[in-house]
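The sequence lines fix the lettering, A, B, ..., with proteins before strands; numbering per chain opens at 1. Remember, predicted model here, so these are calculated numbers, not experimental data. All values below come from the heavy atoms of this structure, side chains included, with hydrogens, waters and symmetry mates left out.
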Amino acid sequence: MDRYDPNTIEPKWQRVWEDADAFHVPNPEPGAPADDRHWYQLEMLPYPSGNGMHMGHVLNYTMGDVITHVRRRSGWTVVRPMGWDAFGLPAENAAIREGRHPREITERNIATIRTQMKRLGWAIDWDREVSSHDPAYYRWTQWLFLKFFEHGLAYRKEAPINWCPNDQTVIANEYIVDGHCERCGALVELRNMTQWFFKTTAFADELLEYELPPGGEWPERTKTIQRNWIGRSEGAEILFRVDELGLDMPVFTTRPDTLFGATFFVVAPEHPFVDAHASEEAQAYALHAGARRDEDRAAETVKTGVFTGHSATNPINGERLPIWVADYVLMDYGTGAIMAVPAHDERDGEFAATFGLPVVDVIDENGRLINSERFDGLPAEEGGRAIVASLVEQGRGKSTVSYRLRDWSFSRQRYWGCPIPIVHCESCGVVPVPEDELPVLLPEIEDYQPKGKSPLASNEEWMHVSCPRCGGAALRDADTMDTFVDSSWYFLRYVDPHNDQAPFDRYVVDYWLPVSQYIGGIDHATGHLLYSRFFVKAMNDFEMLGFREPFARLFHQGWVQMGGTKMSKTKGNVMGPDEFVAEYGADATRLCILFLGPADQDMEWTDSGIEGIARFLRRLWRAVHEVAERAPADGPVEGPLVRKAHETIAKVSDDIVRRFQFHTPISALMELVSALSDDPDDPAARFAAETAVSLIQPYAPHIAEELWQVLGHERLWEQPWPVADESQLVQDRFELVVQVNGKVRDRFEVEADLSEDELVALAMTSPRVQAHIDGAQVRKTIVVPRKLVNFVVG
RNA sequence: GCCGAAGUGGCGGAACUGGUAGACGCGCCGGACUCAAAAUCCGGUUCCCUCCGGGGAGUGUGGGUUCGAUUCCCACCUUCGGCACCA
């Protein structure tokens with residue numbers, strides 16, 4: 001028996017799989033019958049960082065790998081692709097530092113990570129590899145952009161947007177954390193700029209619906225996060241009249257029932273009313289207040305504001321309310337104006353207190369309307385409906401819905417991204433680049449240094465084009481797209497990666513998608529996951545594909561932490577797999593990361609854990625070799641070891657497939673290996689060994705393959721997944737627990753086919769039980785079949 | 001403030017449908033093998049008490065339901081996550 005040496009056997013089997021093209025899965029022919037046993041296994045694609053993979057990646061992809069092997073071997077056709085989220089700032093910043101091209105840096109990083117991935121032995125169909133920086137990919141990103149543009153779902157507008165002063169580019173709302181850039185941590189500024197937006201708000205209601213296929217399931221917490229982000233509020237829009245100006249001012253409110261309690265009216269500093277009609281003092285205030293970020297405005301403890309000099313008429317009772325301008329009202333929510341009800345809104349109450357404005361109670365302690373004329377006495381909710389109905393009749397209001405969600409601003413003022421296929425023509429305006437001129441290649445430039453405007457603009461030759469529409473002088477759009485545009489459709493390209501006629505064929509995506517199981521971090525709940533859903537819903541509307549959701553089942557892995565904190569470059573606690581793979585092998589590293597704990601919870605990486613796993617693998621290695629040296633039993637085997645093997649099959653399969661729990665199967669396998677190594681001479685030891693090797697294959701495919709060969713077999717990766725023999729799971733004896741008043745007093749083995757009466761009689765004979773009953777009256781006897789007997793006394 | 005998740009040995013965690021709390025691993029303690037070490041193997045390891053037979057307590061806290069609660073219900077505490085001057 002050779003010593004277990006992962007560094008010899010692992011590369012050997014990796015070569016075997018590669019030569020056998022073991023994990024390549026071709027697409028079905030058009031019109032081929034739909035096979036309902038196909039599975040699309042996907043984990044979020046990696047960003048090719050210069051540091052290579054970290055343990056979080058190892059966890060993520062190993063989990064996907066276990067599922068892939070189990071499904072494959074259970075008779076499913078599994079597609080499991082891989083690719084690279086290759087555009088983005090880190091490569092560009094590295095390019096500035098190193099004086100090289102971002103492409104060179106990115107491709108170098110990809111090569112490093114690809115090598116790491118192959119060394120870990122993951123079952124990936126490398127034939128489907130795609131990279132978002134490849135013109136063969138971003139050609140179709142551009143093509144999709146044009147589709148969205150054509151349907152009015154991509155548009156340009158001037159708006160105050162988030163600007164990262166460090167990265168010198170716009171960033172999306174979704175990637176701002178507490179007012180700071182999620183990527184670099186700089187404090188985000190507000191800038192007024194003309195930017196490209198995707199109209200995600202057009203799908204606000206659809207995004208609240210999860211139109212999943214049968215068997216699809218999303219975690220409740222993810223849906224909650226998305227629901228909070230979308231922030232749907234039902235309410236009413238009410239028109240207030242400014243008589244002296246002949247103007248109607250709409251407000252949004254969720255509380256139309258409190259309309260009689262409105263005692264003043266407030267507009268946001270950015271509201272057009274201010275510039276057009278407000279007093280000089282109010283305009284001066286608005287100019288100052290409107291320039292501040294929402295976060296700073298919110299941080300103010302005392303409310304500020306100025307009277308504009310005008311009044312608005314409450315449509316329900318004709319009362320004239322003074323119009324104020326105040327920065328606690330936000331322009332980009334609702335209509336940018338509110339009816340203020342100080343009695344029933346905390347913020348309005350504070351404002352009224354500060355400026356001595358009147359307060360009118362309109363709801364009593366029983367929740368009924370008061371001071372509301374003919375609506376008095378109605379329960380608040382009913383009263384609200386009645387008030388809206390009355391406004392509708394007068395044409396002064398209607399029921400409506402407001403959302404917190406904003407459109408996705410996706411143009412970026414940096415180099416390393418997908419160019420926007422648009423030309424700006426003096427006479428024609430915004431003109432799309434014709435489809436047959438795609439891709440618009442990313443031009444070469446001299447200097448990547450961010451200067452607050454797009455580096456692409458520095459390439460004069462590239463910038464100046466003739467207008468595709470009129471032939472006149474025109475300029476290209478010099479911005480690039482947010483990398484989240486690239487990753488909003490990569491899962492569609494994966495299934496048809498070599499298509500040069502279209503981003504994908506509809507029959508191919510309709511065959512494989514929605515993704516059967518998606519795995520990735522919950523940090524993308526309001527970003528990537530929402531964007532991808534938006535893309536798919538829109539493409540479904542364009543009739544490009546036949547489904548409404550990209551991901552049927554979603555799972556979020558926990559963070560792999562070190563020293564109690566999430567791994568991050570700034571904390572210097574990022575750890576990759578390399579040193580563990582070199583010392584203990586890929587199999588041990590894979591097992592170790594999954595053995596750390598429940599996959600959906602944060603876990604602490606400990607170096608000592610891998611020692612235990614290595615011990616286990618050596619023990620497995622030795623036990624299997626010992627078993628293999630002995631002659632196989634002739635005829636069927638039975639006994640506790642056979643039963644243990646079947647129990648392990650049931651446990652491992654159920655945990656992985658149904659419970660999505662990856663650490664407990666390892667415990668079960670440790671028990672089985674320990675049982676069989678205790679007695680290699682047991683005639684059932686060979687069956688137990690074969691079972692253990694077969695079951696561990698998804699976790700540790702290399703050692704499994706090697707030991708499978710030691711046991712005289714071949715090509716374990718394509719052997720059917722073991723199925724537990726139900727009859728073996730039924731035991732003929734079990735351990736009966738006997739309780740007195742719910743406390744365990746004795747336990748002993750009994751025959752499984754005893755009747756309840758016999759169990760009770762047997763339980764009663766126990767001297768320990770007798771001692772606790774101590775001659776007292778047994779008031780009640782509870783029997784749980786195959787488990788316990790409980791005597792209630794006293 | 002609103003919404004959500006979670007609290008179990010020294011540590012990571014197990015206990016899936018209300019039925020033996022602590023599987024499995026780490027760490028630690030003791031032993032075997034060895035000149036020695038590594039590796040390996042065996043035994044022990046929730047806490048307290050013990051006449052070594054056992055006994056008592058115990059899953060964040062306090063109640064409740066139940067023959068029986070880590071599991072269900074109520075209240076609270078702590079931690080983490082999302083939203084938040086969103087009308």
A side-chain contact here means heavy atoms from C-beta on lying under 4.5 Å apart; do A/L357 and A/W324 qualify?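 In contact.
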
In whole angstrom, what separates [X]'s [atom1] from [N]'s [atom2]?
X	N	atom1	atom2	value
A/K223	B/A5	NZ	P	13 Å
A/K787	B/G19	NZ	C1'	7 Å
A/L330	B/A87	CG	P	10 Å

Salt-bridge test for [X] and [Y]: reply yes if a basic N is under 4.0 Å from a carboxylate O, no otherwise.
X	Y	result
A/D327	A/K303	no
A/R385	A/E381	yes
A/D332	A/R406	yes

Take N1-N3 plus N6-O4 or O6-N4 for Watson-Crick, N1-O2 plus O6-N3 for G-U, both under 3.5 Å. Which runs of 3 or more such pairs involve RNA chain B?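 Result, WC/G-U stems under 3.5 Å: B:1-7 with B:77-83, B:10-12 with B:24-26, B:27-32 with B:40-45, B:46-49 with B:54-57, B:60-64 with B:72-76.
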
Starting at the 5' end of RNA chain B, which residue's closest nucleotide do you reach first, A/E671 or A/H772?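 On the 5' side of the pair lies A/E671.
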
Please tell me which of A/T253 and A/V784 maps to the more 5' nucleotide of RNA chain B, matching each residue to the nucleotide holding its nearest heavy atom.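 In this pair, the answer is A/V784.
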
If we take the [atom1] atom in both [N] and [M], what is their distance in whole Å?
N	M	atom1	answer
B/G27	B/C35	C1'	29 Å
B/G25	B/U45	C1'	14 Å
B/G64	B/C49	P	30 Å
B/G13	B/C67	C1'	31 Å
B/G60	B/C11	P	14 Å
B/G18	B/U71	P	11 Å
B/A21	B/G68	C1'	14 Å
B/A23	B/G12	C1'	13 Å

Sugar-phosphate means primed atoms, P, OP1 and OP2; the rest is base. With that split, encode nucleotides 41-52 of chain B 5' to 3' as B, S or - using protein heavy atoms under 4.0 Å. SS----------

Summarise how protein sits on nucleotides 8-15 of chain B as a single string, 5' to 3': B when a protein heavy atom is under 4.0 Å from the base, S for sugar-phosphate-only contact, - for no contact. ----SSSS

Geometric class of the A/Y175/A/F484 ring pair [parallel <30°, tilted 30-60°, perpendicular >60°]: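 Judged by the thresholds at 30° and 60°, the geometry between A/F484 and A/Y175 is parallel.
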
In terms of ring plane angle, is the pair A/W408 and A/F534 parallel, tilted or perpendicular, where the classes change at 30° and 60°?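 It falls in the perpendicular class, over 60°.
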
Would you say the side-chain atoms of A/R622 pair up with the backbone N or O of A/R3, donor to acceptor, closer than 3.5 Å?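 No, the answer is negative, given that no donor and acceptor are paired below the 3.5 Å cut-off.
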
Can a donor-acceptor pair be found, under 3.5 Å and without considering hydrogens, that links the side chain of A/S766 to the backbone of A/A763?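 A pair under 3.5 Å: no.
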
Once salt bridge (charged side-chain N to carboxylate O under 4.0 Å, His left out) is applied, what residue pairs with a partner in residues 253-269 of chain A remain, sequence neighbours excluded?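 Matches after skipping sequence neighbours: A/R255-A/D257.
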
Which pairs, with at least one residue in residues 667-682 of chain A and sequence neighbours excluded, count as a salt bridge (charged side-chain N to carboxylate O under 4.0 Å, His left out)?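 Qualifying pairs, neighbours excluded: A/R630-A/D681, A/K644-A/E671.
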
For [N], does OP1 or OP2 lie under 4.0 Å from any side-chain N or O of [X]?
X	N	result
A/R745	B/G55	yes
A/K743	B/A57	yes
A/S608	B/G25	no

Closest nucleotide among [options] to the [X] side chain:
X	options	result
A/Y328	B/G19, B/C26, B/C85	B/C85
A/R658	B/C16, B/C67, B/A87	B/C16
A/I782	B/G55, B/C67, B/A87	B/C67
A/R221	B/U20, B/G82, B/G4	B/G4
A/D345	B/A87, B/A21, B/G4	B/A87
A/D327	B/C85, B/G19, B/A87	B/C85

With distance as the sole criterion, do the side chain of [X] and the base of [N] form a donor-acceptor contact below 3.5 Å?
X	N	answer
A/N790	B/C67	yes
A/E735	B/U20	yes
A/R227	B/C83	no

Could you give the distance from CG (A/L391) to CD1 (A/I316), rounded to the nearest 0.5 Å?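 With rounding to 0.5 Å, CG (A/L391) is 4.5 Å from CD1 (A/I316).
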
Side chain to side chain donor-acceptor pair (under 3.5 Å) contacts in which one or both residues fall within residues 230-239 of chain A, not counting sequence neighbours: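 Sorted pair list: A/D205-A/R232, A/R232-A/E234, A/S233-A/Y333.
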
Cation-pi, A/Y210 ring and A/K223 (6.0 angstrom, 45 degrees):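 The answer is yes, since A/K223 meets both limits relative to A/Y210.
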
Within 45° cone and under 6.0 Å: A/R404 NZ/CZ vs A/W229 ring: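 Yes, A/R404 and A/W229 form such a contact.
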
